[in-house]
Amino acid sequence: MRFSRMHLPTLKEVPAEAEVASHRLMLRAGMIRRLAAGIYSYLPFGLLALRNVEEIVRQEMNRAGAQEVLLPAVQPAELWQESERWDFYGKELLRFKDRHQRDFCFGPTHEEVITDLIRHEVRSYRQLPLNLYQIQTKFRDEIRPRFGLMRGREFIMKDGYSFDVDDAAATISYQSMRAAYGRIFSRCGLDFRAVEADSGAIGGNFSHEFVVLADSGEDAIASCEKCDYAANIEKAQSKFVETAVPEVKSDSAAAETVATPDCQSVDEVAAFFKVSPAKIAKSMIFESDLGFCMVVVPGDREVNEFKVKAELKANWLEIPAPGRVADELGLPVGYLGPLGVDIPVLVDREVPQMGVMVCGANRAGYHLKGVCWERDFSSKEIADLVVVNAGELCPRCGAALQIDRGIEVGHIFKLGTKYSEKLNATFLDQDGKEKELVMGCYGIGVGRTVAAAIEQNHDENGIKFPYAIAPFKAALLNLDMKSEEVTAFCEKLYQEFLERGIAVLYDDRNERPGVKFKDADLLGMPVRLTLGRKGFKRGIIEVKLRDSSTSQEFPLDDLEPLWSLFSELQADDTRI
RNA sequence: CGGGAUGUGGCUCAGCCUGGUAGAGCACUGCGUUCGGGACGCAGGGGUCGGAGGUUCAAAUCCUCUCAUCCCGACCA
């Protein structure tokens, strides 16, 4: 492609909205433009990168035996009512009516549609296993879209669905997808981890997330330094270490009520009693579809809402407004405690080890001191309810856990029969018995993968595209457009790139050299070729890798080394 | 949905507090000079100051409402 003819509007200045590197660079490199909150147009340069990721996804999905389909983006409400997600999915589901006032939604995911398709098509175990995928625009009406393509409302996603005869077969499908995902992200040149994850609203009982490591990532993952345990922080557990609890003599003073004006936070209470926050029992009210409950954890720990939700077996969980807690429960937020409340109390497994502790008195302005587990807590049920910290011990091998940040680019789930049950998708097995299809579903955020790649591969000058997803593999800079011989050579070289099928961006613009260098760095082509009058006289062309600070010179009369370089880069990229 | 902030040429922002002629840089057009790391000069084009209402002789500026966007917490590829 000739730069002079390409719509590639690079920006010197950064639009104010861009917070993270990938968003900033994608705007500056003329890859995307914002139309509305979380909704972007893909410009030619951005679309090329996107298509490269899609192509890798297609190759690896096909290789794993999946077949590509394309399902409708607009879906009838009936299907979602049948799966009972019409009410359940919430406001993320973009709903609208057609001219006949029939309810529809714009698909945020396609379990319903694919299951509906399959239930009409698949009758026999002989037709299984089946694995279908599509690459399509989805819409999720996120409350807070941000970071450009990282969290858009409209986004391109590869979603795949597998159908098997039983759980064992479904596991095989799942493992095969897990392997394919590893190949996909490796080929995209990403440093990633496959971690155990919460399966969220999609449902199901077993899932892995593929997380690209990046400090700007929105997800945190815990991984073991020694073994291969890795989990999303939402799900991560640690080995419980029992410590000696200071014994409380039976004749020791009972819990005592103390006036603690203006001490609502754990820190304030700890300061008031001159004890460490670890000695404060932090009590919080949660509300779920099962009603209110209280969760008690040590004051220096953070409640893991996902664990609470799982422990309760609730469908949803949130922290109610303090006003509601006061109105409906008569409890003063800031002075909550587990003693004498008449709603279920969930206690973290570390609380019994706190010894003598302080907690709220359920009376505004008062706390209790001298509280102890054995004597004072009415329910003795405990569970793991806190967010793991770095340095805690691996639940598998006992080595230390580390916490990293990352970007979730893929997620695979074993769904089981959740949707086939609801939608009555069955087949006849070998014995002529009717059975429900066992499903799996597999997603990849295509745009997010591009964003993650940039997040992980950039410097202060711009993008450093991994070769496989680079929109152009090379930038050819003609620094002397007015020199006929230089231009003639560049033209010849450009043609040879075209013949060899290596995507090149030929900068033939009437611009000063500085502009061309800056744009080449910003756009991040892996290889930069520079030819100017001086070099031409010396019979050399300058070759520089974007990822390297040094350059080398190749003779103009023998460019074989150049083509070998591209062969090597190409090979690296398909090797897995 | 809560909490905070911002809306002024395509982009980044100043002007607002203290009402009185809409500004700068970048980008764009033309001409000239320049030409290996985002050049310079001259001349231009482009803005209902987010929208509506109000106060006032007079509103980008003050008031009310509204819309949009961004940032901090719950959703997810």
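Side-chain atoms are counted along with the backbone in the values below, which use heavy atoms only and exclude waters and symmetry mates. Below, chain A is the first sequence line, B the second, and so on; all start at residue 1.
Within the shown strands, B:U33 is the pairing partner of B:A39 under the Watson-Crick or G-U definition, both distances less than 3.5 Å. Pairing partner, B:G53: B:C63, with both Watson-Crick or wobble hydrogen-bond distances short of 3.5 Å. In this structure, B:G2 forms a base pair with B:C72, meeting either the Watson-Crick or the G-U wobble geometry with both donor-acceptor distances under 3.5 Å. As the counterpart of B:A22, no nucleotide is assigned, since no Watson-Crick or G-U wobble pattern has both distances under 3.5 Å. Remark: B:G44 base-pairs with B:C28; criterion is Watson-Crick or G-U wobble with both hydrogen-bond distances under 3.5 Å.
Residues in residues 506-543 of chain A take part in these ring-ring contact (aromatic ring centres under 6.0 Å, His included) pairs, two or more places apart or across chains: A:Tyr494-A:Tyr506. Listed by first and then second residue, the salt bridge (Lys or Arg N to Asp or Glu O under 4.0 Å) pairs that reach into residues 291-302 of chain A are A:Arg301-A:Glu350, A:Arg301-A:Glu392, sequence neighbours excluded. Residue pairs meeting the salt bridge (Lys or Arg N to Asp or Glu O under 4.0 Å) criterion with at least one partner in residues 37-46 of chain A, sequence neighbours excluded, do not occur; the list is empty. Identified under the side-chain hydrogen bond (donor to acceptor under 3.5 Å, both in side chains) test for residues 28-45 of chain A, with sequence neighbours left out: A:His23-A:Tyr40.
Heavy-atom neighbours of A:Asp215 CG from other residues, nucleotides or ligands within 6.0 Å: at or below the threshold of 12.
Relative to the side chain of A:Arg144, the nucleotides B:G37, B:A77, B:G73 differ in distance, and B:G73 lies closest. Nearest nucleotide to the A:His411 side chain, out of B:A39, B:A77, B:G38: B:A77.
No contact: A:Arg33 has no heavy atom under 4.0 Å from any strand. Using a 4.0 Å heavy-atom distance criterion, A:Asp219 is classed as a base contact. Within the nucleic acid shown, A:Glu318 has no heavy atom closer than 4.0 Å to any nucleic acid atom. Using a 4.0 Å heavy-atom distance criterion, A:Glu218 is classed as making no nucleic acid contact. The residue A:Gly532 sits close to a base: some heavy atom pair falls under 4.0 Å. Here A:Lys482 lies in heavy-atom contact (under 4.0 Å) with a base.
In this entry the distance linking CG of A:Asp508 with C1' of B:C35 reads 16 Å, nearest Å. Look at CG on A:Leu479: it is 9 Å from P on B:G37, rounded to the nearest Å. Atom NE2 in A:His23 sits about 14 Å away from atom C1' in B:C71, given to the nearest Å. Rounding to whole angstrom units, CG of residue A:Leu93 and P of B:C76 are separated by 13 Å. Atom CD in A:Glu553 sits about 13 Å away from atom C1' in B:G36, given to the nearest Å. When rounded to the nearest whole Å, the span between NZ of A:Lys235 and P of B:C76 equals 15 Å. Here the P atom of nucleotide B:C75 and the CG atom of A:Leu317 are 9 Å apart, to the nearest Å. Atom CD in A:Glu142 sits about 6 Å away from atom C1' in B:C75, given to the nearest Å.
Side-chain N/O atoms of A:Asp191 and A:Gln456 include no donor and acceptor closer than 3.5 Å. In this structure, a donor-acceptor pair under 3.5 Å is present between the side chains of A:Asn478 and A:Thr487. A donor-acceptor contact under 3.5 angstrom links the side chains of A:Tyr174 and A:His208, judged on distance only.
Spacing of P atoms, B:U29 relative to B:G23, comes out at 23 Å, to the nearest Å. Spacing between B:U8 and B:C49 at atom C1', rounded to whole Å, works out to 4 Å. Comparing the P positions of B:U55 and B:C63 gives a spacing of 15 Å, expressed to the nearest Å. Comparing the P positions of B:G20 and B:G38 gives a spacing of 41 Å, expressed to the nearest Å. Between the C1' atoms of B:C67 and B:G51, the separation comes to 7 Å (whole Å). One C1' atom belongs to B:G15, the other to B:A60, and the distance between them is 8 Å to the nearest Å. Straight-line distance between the P atoms of B:U61 and B:C28: roughly 33 Å, to the nearest whole Å. Only the P atoms considered, B:C11 is 15 Å distant from B:U69, to the nearest whole Å.
Applying the side-chain contact (heavy atoms from CB on, under 4.5 Å) rule to A:Ser548 yields the partners A:Leu545, A:Thr550; only residues at least two apart in sequence or on another chain are considered. Residues meeting the ring pair (Phe, Tyr, Trp, His ring centres under 6.0 Å) test with A:Tyr335, sequence neighbours left out: A:His367. Shown here are the ring pair (Phe, Tyr, Trp, His ring centres under 6.0 Å) partners of A:Phe286, two or more places apart in sequence or in another chain: there are none.
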Exercise. Should A:Lys307 and A:Asp384 be marked as a salt bridge (Lys or Arg N to Asp or Glu O under 4.0 Å) after you check the CA-CA gap, both sets of side-chain angles, and the distance that decides it?
Worked result: CA-CA 7 Å; A:Lys307 289 182 181 175; A:Asp384 174 13; 3.1 Å; yes
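Between A:Tyr181 and A:Phe185, the two ring planes are perpendicular [angle over 60°; tilted spans 30° to 60°].
Within the model, atoms CG of A:Asp521 and CG of A:Asp459 stand 7.0 Å from one another, a figure rounded to the nearest 0.5 Å. Here the CG-CD1 distance, from A:Leu556 to A:Ile541, works out to 6.0 Å after rounding to the nearest 0.5 Å.
Interface residues of residues 442-453 of chain A facing RNA chain B, ordered by number: A:Ile444, A:Gly445, A:Arg448; criterion, heavy-atom separation under 4.0 Å. Within a heavy-atom distance below 4.0 Å of RNA chain B, the residues of residues 513-520 of chain A found are A:Pro513, A:Gly514, A:Val515, A:Phe517, A:Lys518, A:Asp519. Of the residues in residues 146-156 of chain A, those placing a heavy atom less than 4.0 Å from an atom of RNA chain B are A:Arg146, A:Arg151, A:Gly152, A:Phe155, in numerical order.
In this structure, A:Arg95 forms a cation-pi arrangement with A:Trp86, its terminal cationic atom sitting closer than 6.0 Å to the ring centre and no more than 45° off the ring axis.
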Compile the donor-acceptor pairs under 3.5 Å between side chains in residues 524-532 of chain A and protein atoms, sequence neighbours left out, one pair per line.
| residue | atom | partner | partner atom | Å |
| --- | --- | --- | --- | --- |
| A:Arg528 | NE | A:Thr530 | OG1 | 3.4 |
| A:Arg528 | NH2 | A:Glu542 | OE2 | 3.1 |

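Position along RNA chain B of the nearest nucleotide to A:Arg34 versus A:Lys534 favours A:Lys534 as the more 5'-ward residue.
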Seminar exercise, completed: B/S/- along nucleotides 22-31 of chain B (protein heavy atoms under 4.0 Å) is ---BBS----
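A donor-acceptor contact under 3.5 angstrom links the side-chain atoms of A:Arg28 to the base of B:G38.
For A:Arg512 and B:A39, the shortest distance from a side-chain N or O to OP1 or OP2 is below 4.0 Å.
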